[in-house]
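Values below: every heavy atom of this structure, side chains too, minus hydrogens, waters and symmetry copies.
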Protein chains: 2
Amino acid sequence: MTQFTRNGNCPPRIKDGGAVREVLDRIGDKWSLLVVGALREGPLRFGELEKTIEGISQRMLTLTLKHLVEDGLVSRTAYAEVPPRVEYEVTELGTTLVPLVIALAEWAMANRDQINANRSSYR
Amino acid sequence: MTQFTRNGNCPPRIKDGGAVREVLDRIGDKWSLLVVGALREGPLRFGELEKTIEGISQRMLTLTLKHLVEDGLVSRTAYAEVPPRVEYEVTELGTTLVPLVIALAEWAMANRDQINANRSSYR
DNA sequence: CAGGATCCGTGATGATACTG
DNA sequence: CAGTATCATCACGGATCCTG
């Protein structure tokens with residue numbers, strides 16, 4: 001099926017080859033992981049997310065949230081109030097992703113300097 | 001420094017706000033994680049990578065590898081032979097990322113069906 | 001074999017303005 | 001407040017051809 005089918009020269013183990021790409025196409029975009037990370041400790045409102053995630057545009061936040069809701073990683077709850085209040089929260093499925101996001105974030109913070117250094121010293 | 005500076009309404013913890021974006025801009029592209037994942041068990045040659053990572057174009061593999069080498073996540077070793085042989089391998093730094101990639105890949109495989117199901121059922 | 005160079009489409013992203 | 005709508009752009013990435 002969707003496996004490598006490589007006779008035996010390079011060692012598989014992560015059998016796939018498609019699922020990863022597929023999922024990465026969804027959560028591997030510019031903002032999804034940031035949004036999930038922002039929601040790691042509890043629900044946030046649209047405006048809170050916008051301020052929390054530096055640099056994201058209103059449009060991108062809207063689209064990213066929509067995708068995450070579609071994929072079932074985030075839930076959206078609108079309260080019939082005025083002014084409107086909408087809260088976003090990671091679903092149960094989304095919760096399983098949170099640890100990975102945190103790990104990735106910590107890795108990023110721990111190694112950014114190193115990476116930047118490598119990058120500059122590269123001629 | 002590079003921290004939220006958000007008075008106290010939403011709970012930080014991952015202090016950053018920029019490092020994650022920064023690193024994600026590098027390894028969060030379409031292929032980098034796949035390449036790192038492909039190299040998780042040892043060095044591979046250019047052609048092997050090309051066959052291993054389904055769907056990648058020659059150009060993208062070249063570019064991705066170049067970036068990964070620049071960032072110090074992958075090392076490139078060219079052997080003065082004919083025909084030429086070039087091997088790519090994760091560096092020490094890159095090795096620290098491998099577990100995360102594997103975790104992400106496993107998460108992706110474990111949850112792709114669920115996500116796809118959510119996505120279809122979404123009207 | 002490994003990869004550089006070029007052309008080029010199109011989708012993702014951002015800025016801005018408007019609305020329920 | 002929480003979006004939607006529209007427009008312009010630009011980098012991503014594919015196809016193709018070429019070279020050491």
Shortest non-hydrogen contact from B:L104 to A:L97? CD1-CD1, 4.3 Å

Angle by which the axis turns from one end of the helix from C:dC1-D:dG20 to C:dG20-D:dC1 to the other, five pairs per end, to 10 degrees: 60°

Are B:W107 and A:I27 close enough that some pair of their side-chain heavy atoms sits under 4.5 Å apart? yes

Using the rule given for side chain to side chain contact (heavy atoms under 4.5 Å, CB included), can you reason through B:M60 versus B:E50, listing the C-alpha separation, both sets of side-chain angles and the distance that settles it, and then say yes or no? CA-CA 10 Å; B:M60 279 306 109; B:E50 196 171 9; over 6 Å; no

Nearest-nucleotide 5' precedence on DNA chain C, A:D29 against B:F46: B:F46

Rounded to whole Å, the CD-C1' distance (A:E48 to D:dG3) equals 16 Å

Expressed in angstrom and rounded to an integer, what is the separation of A:L49 atom CG from D:dA2 atom P? 9 Å

Run the side chain to side chain contact (heavy atoms under 4.5 Å, CB included) test on A:L39 and A:L49 for me, step by step, so that the C-alpha distance in whole Å, both residues' side-chain angles and the decisive distance to 0.1 Å come before the verdict. CA-CA 8 Å; A:L39 295 172; A:L49 281 169; 3.8 Å; yes

B:E50 CD to D:dA15 P, in whole Å, measures 12 Å

Can you check whether B:M109's main-chain N or O pairs, donor with acceptor, with B:R112's side chain at less than 3.5 Å? no

Checking the side chain of A:R40 only, and the main-chain atoms of A:G37 only, is there a donor and an acceptor separated by less than 3.5 Å? yes

How close or far is atom P of D:dC1 from atom NZ of A:K51, stated in whole angstroms? 8 Å

With nearest nucleotide decided by heavy atoms, which residue, A:I56 or B:R45, maps closer to the 5′ end of DNA chain C? B:R45

As a test of reading the structure: which of C:dG14, C:dG20, C:dC1 is closest to the side chain of A:K30, going by heavy atoms? C:dG14

Which parts of residues 57-79 of chain B get close to DNA chain D, meaning a heavy atom less than 4.0 angstrom away? B:S57, B:Q58, B:R59, B:M60

I want to check one thing: is the phosphate of C:dG3, taken as OP1 and OP2, less than 4.0 Å away from some side-chain N or O of B:Y88? yes

Looking only at atom types and distance, does a side-chain atom of B:D29 sit under 3.5 Å from a main-chain N or O of B:S32, one as donor and one as acceptor? yes

CD of A:E87 versus P of D:dC1: gap in Å, rounded? 14 Å

note: B:R85, atom CZ; C:dG3, atom C1'; distance rounded to Å ~ 17 Å

Separation of D:dC12 atom C1' from B:I27 atom CD1, nearest Å, is 18 Å

Rounded to whole Å, how long is the line connecting atom CD1 of A:I53 with atom P of D:dA2? 14 Å

B:E92, CD: over 12 other non-hydrogen atoms inside 6.0 angstrom: no

Spell out, as yes or no, whether a donor-acceptor pair under 3.5 Å connects the side chain of A:T96 to the backbone of A:L93. yes

